[in-house]
Amino acid sequence: MDIHTEEAVVKLILHGGNTRKEAYAAITAAEKYNFEEATSHLQNAEVQFLEGHAWQTKLVSRRSADSDITPSFLLVHGQDHLMTAQAELNLAKQIVRQYERQSELEARIAKLEQTNN
C-alpha cells in the first residue's frame, strides 16, 4: 500500500469513528429529551460520514484507474469501519425519532391526566 492509500484508509477509520461518536452522542441527548442537541449531533455525524465516503470514493476511483493497488486487510477494515458507522448512524436516527415520539406521547398523557383531575 502506498502512502496515499494508507492516508485514505486512515481517513476512512477516522471519519467512521467520528460518525459513530456523534451518532451515540445524539442518542444520549435524545434520552434526555434534548432534541436540538440530538439533531446537531446527527448533522455532525452525517458530515463525518460524507467526508469518509468521499475518501472511499477516491479509493475506488484509484482502484479502477490503477490496477496496481492491491486490496489489503487494512483497506478492507477501513471500508468496513465506515460502512458499520453508516449503519449505526441510520439506527441512531431511528432511535432519536422514537425518543421524540415518546416525549410527545408523555406530554399528551400528562395533559390528559391534568384535565381528568
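No experiment lies behind these values; they were computed from the predicted model shown.
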field: Nearest heavy atoms of Ala38 and Val96, plus distance in Å
entry: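 Where Ala38 meets Val96 most closely, the heavy atoms are CB-CG1, 4.2 Å.
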query: What heavy-atom pair brings Leu75 and Leu59 nearest, and what distance separates the two atoms?
result: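 Minimum heavy-atom separation between Leu75 and Leu59: CD1-CD1, 3.4 Å.
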Let me have the donor-acceptor pairs involving side chains of residues 42-51, under 3.5 Å, with sequence neighbours excluded, atom names and distances please.
{"from": "Asn44", "atom 1": "ND2", "to": "Ser40", "atom 2": "O", "distance (Å)": "3.4"}
{"from": "Glu46", "atom 1": "OE1", "to": "Lys93", "atom 2": "NZ", "distance (Å)": "2.8"}
{"from": "Gln48", "atom 1": "OE1", "to": "His15", "atom 2": "ND1", "distance (Å)": "2.8"}
{"from": "Gln48", "atom 1": "OE1", "to": "Asn18", "atom 2": "ND2", "distance (Å)": "3.0"}

query: What is the distance from atom NE2 of His41 to atom NZ of Lys21, rounded to the nearest 0.5 Å?
result: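 So the gap between those two atoms works out to 8.5 Å.
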message: Within this structure, what is the CD-CD distance for the pair Gln98 and Gln94, rounded to the nearest 0.5 Å?
response: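 Here the rounded value is 8.0 Å.
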field: ILVMFWY network linking Leu74 to Leu14, side-chain heavy atoms under 4.5 angstrom
entry: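 In one cluster: no.
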What residues form a side chain to side chain contact (heavy atoms under 4.5 Å, CB included) with [X], not counting sequence neighbours?
X      : answer
Ile95  : Ile27, Leu91, Tyr99
Ala85  : Thr19, Arg20
Gln114 : none

Less than 3.5 Å apart, which donor and acceptor atoms pair up between the side chains of residues 102-110 and the rest of the protein, not counting sequence neighbours?
{"from": "Gln102", "atom 1": "NE2", "to": "Tyr33", "atom 2": "OH", "distance (Å)": "2.7"}
{"from": "Gln102", "atom 1": "NE2", "to": "Glu106", "atom 2": "OE2", "distance (Å)": "3.3"}
{"from": "Glu106", "atom 1": "OE1", "to": "Tyr33", "atom 2": "OH", "distance (Å)": "3.0"}
{"from": "Glu106", "atom 1": "OE2", "to": "Tyr33", "atom 2": "OH", "distance (Å)": "3.0"}

message: Per the side-chain hydrogen bond (donor to acceptor under 3.5 Å, both in side chains) rule, what does the pair list look like for residues 73-84, sequence neighbours excluded?
response: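 Pairs touching residues 73-84 that pass the test: none.
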message: Can you confirm whether Trp55 sits close enough to Glu7 that some side-chain heavy atom of one is under 4.5 Å from a side-chain heavy atom of the other?
response: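 Yes, close enough: below the 4.5 Å cut-off.
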task: Give the C-alpha distance, both sets of side-chain angles, the deciding distance and a yes or no for side chain to side chain contact (heavy atoms under 4.5 Å, CB included) between Lys58 and His4.
output: CA-CA 10 Å; Lys58 289 177 191 177; His4 299 292; over 6 Å; no
